[in-house]
**Student:** 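Encoded as structure tokens, here's the structure I'll be asking about.
Below, chains carry the letters A, B, ... as their sequence lines are ordered, and counting in each starts from 1.
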2 protein chains.
Amino acid sequence: MAATIPFSLIRNSSALISPRLVLPFAKAANHNFSKFILPIQSRRLPFSTGATNNEEAAAKAAALDADKGAPTIFDKIINKEIPSNIVYEDEKVLAFRDINPQAPVHVLVIPKSRDGLTELGKADPRHEEILGQLLYAAKIVAEKEGILDGFRVVINNGASACQSVYHLHLHVLGGRQMKWPPG
Amino acid sequence: MAATIPFSLIRNSSALISPRLVLPFAKAANHNFSKFILPIQSRRLPFSTGATNNEEAAAKAAALDADKGAPTIFDKIINKEIPSNIVYEDEKVLAFRDINPQAPVHVLVIPKSRDGLTELGKADPRHEEILGQLLYAAKIVAEKEGILDGFRVVINNGASACQSVYHLHLHVLGGRQMKWPPG
């Protein structure tokens with residue numbers, strides 16, 4: 001049933017209902033929805049638990065199936081089965097807003113064809129072309145969002161970097177002073 | 001005189017002498033050394049000021065000259081005028097350790113030819129090739145450093161993202177649990 005929940009609805013309702021609360025509607029087997037739901041042990045934690053721990057827990061849960069190469073929620077977004085708030089799109093690349101933004105602007109940039117790139121660490125030399133297109137698309141996104149004078153691009157690889165969807169994605173963040181270290 | 005201070009010496013002495021303390025030896029006019037020294041207003045701050053503020057202040061100082069296109073300390077590293085701890089090198093890309101590491105592994109990946117890429121925001125379509133090579137080099141670095149299962153790539157663009165050297169560079173960080181948000 002999770003797949004039928006509009007992505008934009010989840011995002012837009014975040015002020016009233018946390019994306020974490022869609023859990024009862026999500027199939028437990030849909031592990032690729034794990035960015036948006038909490039694993040069992042985290043659900044037992046009080047809601048005062050910091051977002052960092054939630055993200056770490058979600059990433060650890062997602063990593064269990066990382067090498068299975070199963071479709072992710074991004075496939076549904078690419079195929080427009082789940083609506084998303086698209087910022088930029090071309091033949092190879094899709095950019096849409098993160099439903100759990102960490103800055104006034106927070107956009108995800110992904111390749112439309114995963115082509116083995118569950119994570120950056122899986123890149124082969126043949127991927128250099130799409131990697132360049134993704135980074136250039138991040139610049140286009142920053143321009144469109146009016147943050148060209150100040151933005152950060154982040155790629156998480158693996159659980160210890162908080163990767164929670166195994167389809168390569170670049171985070172483009174801006175609109176506030178970013179801190180150092182970067183997480 | 002700053003240019004004659006061995007980069008590795010600064011790094012290796014960090015346990016005893018903060019890189020910030022090389023200030024008396026740095027020419028004030030060498031603004032591209034601003035990553036490693038503090039602007040005047042920051043020098044007045046107590047040393048208890050967090051690293052975040054130091055980095056933000058250094059980035060703001062560096063941004064003043066961002067559009068001048070002057071050589072940066074990275075040119076001296078590329079030309080081996082300043083020694084660095086090189087992790088990976090090919091015809092187009094150089095990767096070396098950050099002198100102020102924010103994780104057990106913290107490597108900078110840069111294009112040997114800046115070619116207008118003072119920052120990612122200056123990228124044109126012609127830069128897609130080198131952008132792809134840089135991201136792929138980040139993967140090679142992660143592999144060489146033994147952090148392929150967990151690493152984060154970060155690109156700072158502009159003062160509000162803490163960019164302090166105006167020669168495009170990718171941070172590759174790993175060897176610890178990274179937090180969320182990413183700064």
**Student:** What are the two closest non-hydrogen atoms of A:Cys162 and B:Gln177, and how far apart are they?
**Tutor:** SG-NE2, 3.9 Å
**Student:** Atom NZ of A:Lys139 and atom CG of B:Leu117: how far apart are they, to the nearest 0.5 Å?
**Tutor:** 10.0 Å
**Student:** For the residue pair B:Gly150 and A:Ser160, what are the closest heavy atoms and their distance?
**Tutor:**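 Between these two residues, the closest heavy atoms are CA-OG, 3.3 Å.
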**Student:** Who among B:Ala66, B:Ala63, B:Gly132 has the most heavy-atom pairs with chain A under 4.5 Å?
**Tutor:**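 Option with the greatest count: B:Gly132.
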**Student:** Would you say A:Ile99 and A:Tyr88 are hydrophobically clustered, going by side-chain heavy atoms of ILVMFWY under 4.5 Å?
**Tutor:** no
**Student:** Taking the side chain as C-beta and beyond, is there a heavy-atom pair between B:Val154 and A:Arg152 under 4.5 Å?
**Tutor:** yes
**Student:** Would you call A:Leu120 and B:Phe151 a side-chain contact if the rule is heavy atoms closer than 4.5 Å?
**Tutor:**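 With C-beta onward as the side chain, the pair touches.
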**Student:** If hydrophobic clusters are built from ILVMFWY residues whose side chains come within less than 4.5 Å, do B:Ile86 and B:Val141 share one?
**Tutor:** no
**Student:** Please classify the contact between A:Leu173 and chain B as side chain, backbone, both or neither, with a heavy-atom cut-off of under 4.5 Å.
**Tutor:** side chain
**Student:** For A:Leu135 versus B:Leu131, what's the shortest heavy-atom pair and its separation?
**Tutor:**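 Residues A:Leu135 and B:Leu131, closest heavy atoms: CD1-O, 3.8 Å.
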**Student:** Heavy-atom distance under 4.5 Å between the side chains of A:Pro181 and B:Arg176, does that happen here?
**Tutor:**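 They are in contact (side-chain heavy atoms under 4.5 Å apart), so the answer is yes.
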**Student:** Grab the two heavy atoms, one from B:Asn156 and one from A:Trp180, that are nearest each other, plus how far apart they are.
**Tutor:**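 Taking every non-hydrogen atom into account, ND2-CZ3, 3.2 Å.
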**Student:** Check the hydrophobic clustering (I, L, V, M, F, W, Y; side-chain heavy atoms under 4.5 Å; chains of links allowed) and say if A:Val165 and A:Leu108 are grouped together.
**Tutor:**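 Yes, it is one cluster - the side chains of A:Val165 and A:Leu108 are joined through contacts under 4.5 Å.
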**Student:** Nearest 0.5 angstrom please: B:Ile130 CD1 to A:Glu128 CD, how far?
**Tutor:**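 B:Ile130 CD1 to A:Glu128 CD: 8.5 Å, rounded to 0.5 Å.
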**Student:** Given a strict heavy-atom distance threshold of 4.5 Å, which part of B:Glu129 is in contact with chain A: side chain, backbone, both, or neither?
**Tutor:**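 Neither; nothing under 4.5 Å.
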**Student:** To the nearest 0.5 Å, what is the distance between CD on B:Glu55 and CE on A:Met178?
**Tutor:** 13.5 Å
**Student:** Between B:Ile147, B:Leu170, B:Asp124, which shows the greatest number of heavy-atom pairs under 4.5 Å with chain A?
**Tutor:** B:Asp124
**Student:** Considering only heavy atoms and a distance below 4.5 Å, find which of A:Gly175, A:Gly158, A:Ala161 pairs most often with chain B.
**Tutor:**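 Result: the option with the highest number of such pairs is A:Ala161.
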**Student:** Go through the atoms of B:Ala123 and report whether side chain, backbone, both or neither lie under 4.5 Å from a heavy atom of chain A.
**Tutor:** both
**Student:** If hydrophobic clusters are built from ILVMFWY residues whose side chains come within less than 4.5 Å, do B:Ile110 and B:Leu168 share one?
**Tutor:**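 As far as the 4.5 Å side-chain criterion goes, B:Leu168 and B:Ile110 are not connected within one cluster.
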**Student:** Roughly how far, to the nearest 0.5 Å, is the CG atom of A:Asn157 from the CG atom of B:Leu148?
**Tutor:** 6.5 Å
**Student:** Is it the case that one hydrophobic cluster holds both A:Ile140 and A:Val105, taking links as side-chain heavy atoms less than 4.5 Å apart, direct or via other members?
**Tutor:** yes
